[in-house]
Amino acid sequence: MARLARTEGLNDIQREILSTVRDFVDKEIIPVATELEHRDEYPTQIVEGLKELGVFGLMIPEEYGGLGESLLTYALTVEEIARGWMSVSGIINTHFIVAYMLKQHGTQEQKDHFLPKMAAGEIRGAFSMSEPALGSDVSAISSKGVRDGDDFVLNGQKMWLTNGGSSTLVAVLCRTDEGHPEGTAPHKSMTTFLVEKEAGFGEVRPGLTIPGKIEKMGYKGVDTTELIMDGLRIPADRVLGGETGRGFYHMMDGVEVGRVNVAARGCGVAQRAFELGVSYAQQRHTFGKPIAQHQAIQFKLAEMATKVEAAHAMMVNAARKKDSGQRNDLEAGMAKYLASEYCKEVVEDSFRIHGGYGFSKEYEIERLYREAPMLLIGEGTAEIQKMIIGRRLLEEYRIQG
């Protein structure tokens with residue numbers, strides 16, 4: 001199994017981190033994931049274990065109590081966690097994106113206040129762009145923040161918050177007209193607010209309600225919620241970066257690294273599906289021999305393994321490009337698109353190898369079959385990724401003259 005999805009050029013610290021996480025996944029996540037998922041139960045003990053390992057502070061600088069690791073190290077860690085249970089990687093991902101946005105764009109006071117507690121897992125992050133009526137059209141958000149003295153008053157409804165209930169800090173994107181005259185491009189009149197709240201459901205602070213968990217086909221365990229703001233007062237010093245009108249850029253920067261993360265999750269789920277398929281194919285016998293010895297099954301295994309390798313290579317390339325300080329929206333879009341599509345295909349092929357047993361809740365592949373579709377839409381649909389890729393390609397290959 002270790003022959004697939006190897007990453008060359010890692011240093012000793014990276015290898016040690018990944019080895020530790022893989023052991024944790026094998027011992028603490030895989031044995032309980034399916035049972036917890038079927039109960040739609042939040043993985044409290046798993047999360048506490050990851051806090052002890054320092055995973056919540058993996059990319060937070062050492063000066064704030066984190067490990068100061070690269071995006072590549074983080075993505076490979078997420079790949080291992082998703083191999084165990086994709087929902088756990090989702091809990092980590094939203095926290096990571098908020099921490100990344102604070103590190104890159106926060107004021108010094110905001111960094112000093114939030115990052116040490118986020119590194120320790122004491123503050124847990126979520127971020128919120130989507131709304132019930134807008135889908136992928138972020139520029140059409142209607143939630144609004146209006147200045148009132150030293151505060152902003154926020155009103156509106158948000159949708160699809162991963163960690164919406166369990167988080168205690170939410171980065172919320174709202175429209176703010178302050179300083180932006182009528183006719184200003186929509187993306188230049190958005191602001192990210194850092195909203196602190198209590199964990200749980202109902203009214204979690206005056207003016208802010210988390211109604212409850214959204215029931216989902218898969219991706220269970222992690223809480224996915226709405227967020228309703230009705231006269232929510234936020235101090236002006238909780239505007240990310242201290243400046244209005246920059247929220248769209250903050251969120252897009254966060255989503256860009258989030259796409260690398262989703263690609264890593266696709267790689268992890270695909271790896272697990274391959275492991276389950278290749279194992280079952282050697283145990284199940286038909287016509288007097290293991291089905292792995294039938295050419296049709298060998299062809300499936302060959303295609304599955306090739307897709308696992310290809311997706312992993314593109315994910316690693318996108319992470320390394322971002323770590324080098326270069327623009328990586330093209331590579332991140334390609335990696336997210338390919339990894340999520342290949343994940344769906346590898347999971348389905350493993351499901352087919354399992355035959356009728358794949359339809360049984362007793363087999364792990366049934367859970368993976370319901371989880372894989374989320375990756376097709378998380379952090380931007382395949383169509384959005386292709387639009388980003390197409391535009392960037394036209395920039396790169398623009399005809400001169």
Side-chain angles (χ1 to χ4, degrees), residues 17 20-60 65-67 74 77-99 114-128 160-170 195-205 208-227 261 264-265 268-269 272 361 364 367-368 370-371 374 378:
I17 290 172
T20 300
V21 171
R22 189 177 185 90
D23 286 345
F24 182 86
V25 168
D26 288 339
K27 294 174 183 176
E28 306 295 335
I29 298 183
I30 289 177
V32 301
T34 296
E35 180 183 353
L36 291 175
E37 196 270 350
H38 287 167
R39 295 204 304 259
D40 197 7
E41 182 177 326
Y42 189 82
T44 301
Q45 286 188 314
I46 292 172
V47 169
E48 290 301 314
L50 291 173
K51 281 168 61 176
E52 291 181 14
L53 293 180
V55 171
F56 281 90
L58 199 58
M59 276 191 71
I60 293 175
L67 298 180
Y74 178 79
T77 298
V78 166
E79 183 180 39
E80 294 289 356
I81 294 172
R83 175 181 154 268
W85 185 11
M86 193 182 73
S87 292
V88 178
S89 67
I91 293 169
I92 303 296
N93 181 41
T94 51
H95 176 88
F96 151 72
I97 290 178
V98 177
F114 289 113
L115 289 181
K117 295 177 183 177
M118 295 188 80
E122 296 171 12
I123 288 179
R124 302 256 288 286
F127 75 105
S128 178
W160 305 120
L161 274 77
T162 300
N163 278 354
S166 54
S167 61
T168 51
L169 174 65
V170 186
V195 179
E196 298 168 86
K197 70 177 188 66
E198 295 293 323
F201 301 98
E203 190 173 38
V204 291
R205 67 176 282 176
L208 179 63
T209 301
I210 305 293
K213 292 197 298 185
I214 297 170
E215 295 295 326
K216 309 182 295 290
M217 174 178 73
Y219 199 41
K220 294 178 180 290
V222 59
D223 47 286
T224 305
T225 74
E226 298 175 71
L227 180 148
N261 178 286
R265 291 155 78 179
V269 174
R272 185 59 181 164
K361 287 192 172 184
E364 191 178 338
R367 169 171 61 83
L368 270 59
R370 289 183 290 104
E371 289 179 338
M374 199 287 293

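Here the structure is a predicted model, which means the values were calculated and not measured.
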Exercise. Between R83 and E79, is there a salt bridge with N-O shorter than 4.0 Å?
Worked result: no
Exercise. Could you give the distance from OG (S167) to NZ (K197), rounded to the nearest 0.5 Å?
Worked result: 3.5 Å
Problem set entry | Shortest non-hydrogen contact between H95 and G125, atoms and distance | ND1-N, 3.1 Å
Exercise. If you look at every heavy atom in V78 and S89, which pair is closest and at what distance?
Worked result: CG1-CB, 4.0 Å
Problem set entry | E198 CD to I210 CD1 distance, which is reported to the nearest 0.5 Å | 12.0 Å
Problem set entry | Trace of the side-chain contact (heavy atoms from CB on, under 4.5 Å) decision for F96 with L58 | CA-CA 8 Å; F96 151 72; L58 199 58; over 6 Å; no
Problem set entry | Candidates K216, E215, K213 - the one meeting side-chain hydrogen bond (donor to acceptor under 3.5 Å, both in side chains) with T224 | K216
For this session: Taking atom NZ of K27 as the centre, report whether more than 12 heavy atoms of other residues, nucleotides or ligands fall under 6.0 Å from it.
Result: no
Problem set entry | side-chain contact (heavy atoms from CB on, under 4.5 Å) between I17 and T77, worked out | CA-CA 8 Å; I17 290 172; T77 298; 4.0 Å; yes
Exercise. Is the backbone of N93 close enough, under 3.5 Å, to the side chain of N261 for a donor and an acceptor to pair up by distance?
Worked result: no
For this session: For residues L161 and S128, report the shortest heavy-atom separation together with the two atoms involved.
Result: CD1-OG, 3.5 Å
Exercise. Side chains of L36 and I46: closer than 4.5 Å at any heavy-atom pair?
Worked result: yes
For this session: Identify, with sequence neighbours excluded, every residue that meets side-chain contact (heavy atoms from CB on, under 4.5 Å) alongside K51.
Result: V47, E48, F56
Exercise. When rounded to the nearest 0.5 angstrom, what is the spacing between CE in M374 and CE in M217?
Worked result: 10.5 Å
Problem set entry | Counterpart residues, side-chain contact (heavy atoms from CB on, under 4.5 Å), relative to A99 (two or more places apart) | I60, L115, M118
Exercise. Taking atom CE of M86 and atom CD1 of I81, what is their separation to the nearest 0.5 Å?
Worked result: 13.0 Å
Exercise. So, are R22 and E80 salt-bridged, with charged N and O less than 4.0 Å apart?
Worked result: yes
For this session: Would you sort out whether T162 and Y219 count as a side-chain contact (heavy atoms from CB on, under 4.5 Å), showing the intermediate values?
Result: CA-CA 10 Å; T162 300; Y219 199 41; 3.6 Å; yes
Problem set entry | Counterpart residues, side-chain contact (heavy atoms from CB on, under 4.5 Å), relative to E364 (two or more places apart) | I30, T34, R272, L276, R367, L368
Seminar exercise, completed: When rounded to the nearest 0.5 Å, the distance separating CZ of F24 from CG of L50 is 4.5 Å
For this session: Please answer whether the main-chain N or O of R124 pairs with a side-chain N or O of T168 as donor and acceptor at a distance below 3.5 Å.
Result: yes
Exercise. Between CH2 of W85 and CD1 of I29, what distance do you get to the nearest 0.5 Å?
Worked result: 9.0 Å
Exercise. Between V88 and P43, which heavy-atom pair has the shortest distance, and what is it?
Worked result: CG2-CG, 4.1 Å
Exercise. Short question: side chain of N163, backbone of A126 - any donor-acceptor pair under 3.5 Å?
Worked result: no
